[in-house]
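Here is the naming used below: chain letters follow the sequence lines, and residue numbers restart at 1 for every chain. Model, not experiment: these values are computed from the prediction.
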2 protein chains.
Amino acid sequence: MFVDGGYDATPMTRIASAARVATNTIYWYFKDKDELLVAVLDRVLARALADAASRDQEPWADQLLWAVGQLEQFHRLVTVVHARAATSPVVNDWHESFHRLVDDILTDGFRKTGTPEESLRAMTQVGVFVVEGLLLHPHSVPDRREIIELLTRPQRPPAALDSP
Amino acid sequence: MFVDGGYDATPMTRIASAARVATNTIYWYFKDKDELLVAVLDRVLARALADAASRDQEPWADQLLWAVGQLEQFHRLVTVVHARAATSPVVNDWHESFHRLVDDILTDGFRKTGTPEESLRAMTQVGVFVVEGLLLHPHSVPDRREIIELLTRPQRPPAALDSP
DNA sequence: ACCTGAACACCGTTCAAGT
DNA sequence: ACCTGAACACCGTTCAAGT
């Protein structure tokens with residue numbers, strides 16, 4: 001319901017009645033609405049990661065493109081995570097660990113495709129921002145592909161031009 | 001108050017009492033809280049643009065770096081704009097026109113620094129995401145500089161390497 | 001351990017009435 | 001035109017009580 005209708009727009013009462021319990025019953029399982037959000041986030045991310053693991057041998061850019069395409073369904077969650085992270089420590093923790101995860105994946109990818117070590121950190125940051133931007137603002141498939149390909153294009157000139 | 005305390009965390013009652021009027025008096029000037037937000041956004045952006053106009057002759061990367069530094073103060077507004085844009089048409093309109101603005105500025109900058117025309121669109125998108133990312137997640141000044149410099153680095157190899 | 005009806009505190013917004 | 005006290009509808013959360 002958070003994914004489809006938005007966090008603010010789905011009151012606890014509606015969640016409870018969908019679960020066929022009284023509203024306050026939710027508070028026996030979750031401390032507050034933010035913890036419920038984090039539970040949803042954990043689920044959604046775990047599924048996406050499990051799916052991604054099955055695409056081990058595809059080229060890096062394709063894997064990334066596919067993952068972004070998957071996660072884009074949840075762009076409503078992305079905006080609310082940013083909004084709630086300022087107030088809720090649990091959401092803030094989740095957000096930070098998500099950033100670390102994306103950071104690690106991108107650092108690895110950029111290093112393997114020959115990004116020079118001295119610009120690796122900044123390049124990764126740019127990558128994180130691009131991923132986040134794509135999640136925040138859904139794009140058409142070709143646009144997404146073009147952006148990801150520009151991002152993941154090897155940094156050094158191709159070997160054919162390097163050797164005489 | 002939206003900038004310092006956050007949109008959700010500053011109730012209309014507090015705004016009203018800071019303005020020394022009754023709460024409902026605000027509704028004579030603004031249709032609702034979202035329109036009040038847009039009024040704040042317009043003010044903040046107008047000031048930043050006026051400041052930026054005075055830096056005409058500096059290099060492009062420096063201008064951009066400085067503008068991002070200025071706007072970073074308002075990162076609380078950035079998150080709430082994304083959150084409210086999904087619900088409020090006025091906020092959504094403001095957000096779209098802001099993106100168009102950044103898009104135009106970046107397209108211009110990238111074109112002038114020799115980005116090939118066929119990757120201009122994607123490059124601009126990457127730029128928009130980087131700007132948005134920097135506004136969303138405050139960075140240290142050197143980190144910001146490094147990221148912006150990586151982004152604005154001319155795409156074609158420098159002339160010294162091109163000519164024999 | 002698990003669930004509930006009823007209440008509480010707080011919020012954005014509106015109404016009817018004033019000047 | 002401008003402002004207000006009082007109310008309304010809705011929200012997340014808690015309490016005291018049940019099984």
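Taking a 4.0 Å limit (strictly below) on heavy-atom distances, residues 75-86 of chain B does not reach DNA chain D anywhere.
The nucleotide whose nearest atom lies closest to any side-chain atom of Pro11(A) is, among dT4(C), dC3(D), dC11(D), dC11(D). Of all nucleotides listed (dT4(C), dC3(C), dC2(D)), dC3(C) comes nearest to the side chain of Trp28(A).
Checked against the 6.0 Å centroid criterion, the rings of Phe129(B) and Phe129(A) do not qualify as a close aromatic pair. Taking the centre of each ring, His82(B) and His82(A) stay at or above the 6.0 Å mark.
Whole-Å rounding puts the Ile26(A) CD1 to dC2(C) P distance at 16 Å. In this entry the distance linking CG of Asp8(A) with P of dC11(C) reads 15 Å, nearest Å. Put simply, CD1 on Ile15(A) is 12 Å from C1' on dC11(D), counting in whole angstrom units.
Side-chain contact check for Glu72(A) and His137(A): no donor-acceptor pair (N or O, by modelled atom type) lies under 3.5 Å.
Contact detail for Met1(B) and Thr10(B): the closest heavy-atom pair is O-CG2, 3.4 Å. Taking both residues in full, the closest heavy atoms of Ala85(A) and Val91(A) are given as N-CG1, 3.8 Å, listed atom of the first, atom of the second, then distance. Counting all heavy atoms, side chain and backbone alike, Phe30(B) lies closest to Ala39(B) at CE2-CB, 3.6 Å.
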Original post:
In dot-bracket form, how is DNA chain D paired, counting a Watson-Crick or G-U wobble pair only if both its distances are under 3.5 Å and using | for bases paired to another strand?
Top reply: ||.|||||...|||||.||
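In this structure, Phe98(B) and Trp94(B) have parallel ring planes: the angle between them is below the 30° cut-off, well short of the 60° mark.
Side chains of Ile148(A) and Leu134(A) form a contact here, defined as non-hydrogen atoms less than 4.5 Å apart.
Residue-environment remark: CZ (Arg121(B)) stays at or below the threshold of 12 foreign heavy atoms within 6.0 Å.
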Original post:
With the sugar-phosphate defined as primed atoms, P, OP1 and OP2, and the base as all remaining atoms, what B/S/- string results for nucleotides 13-19 of chain C, 5' to 3', for protein heavy atoms under 4.0 Å?
Top reply: BBB----
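No contact: Phe30(A) has no heavy atom under 4.0 Å from any strand.
Listed for the Asp32(A) side chain is a donor-acceptor partner under 3.5 Å among the backbone atoms of Glu35(A).
Taken to the nearest 0.5 Å, the CG atom of Leu120(B) stands 5.0 Å off from the CZ atom of Arg111(B).
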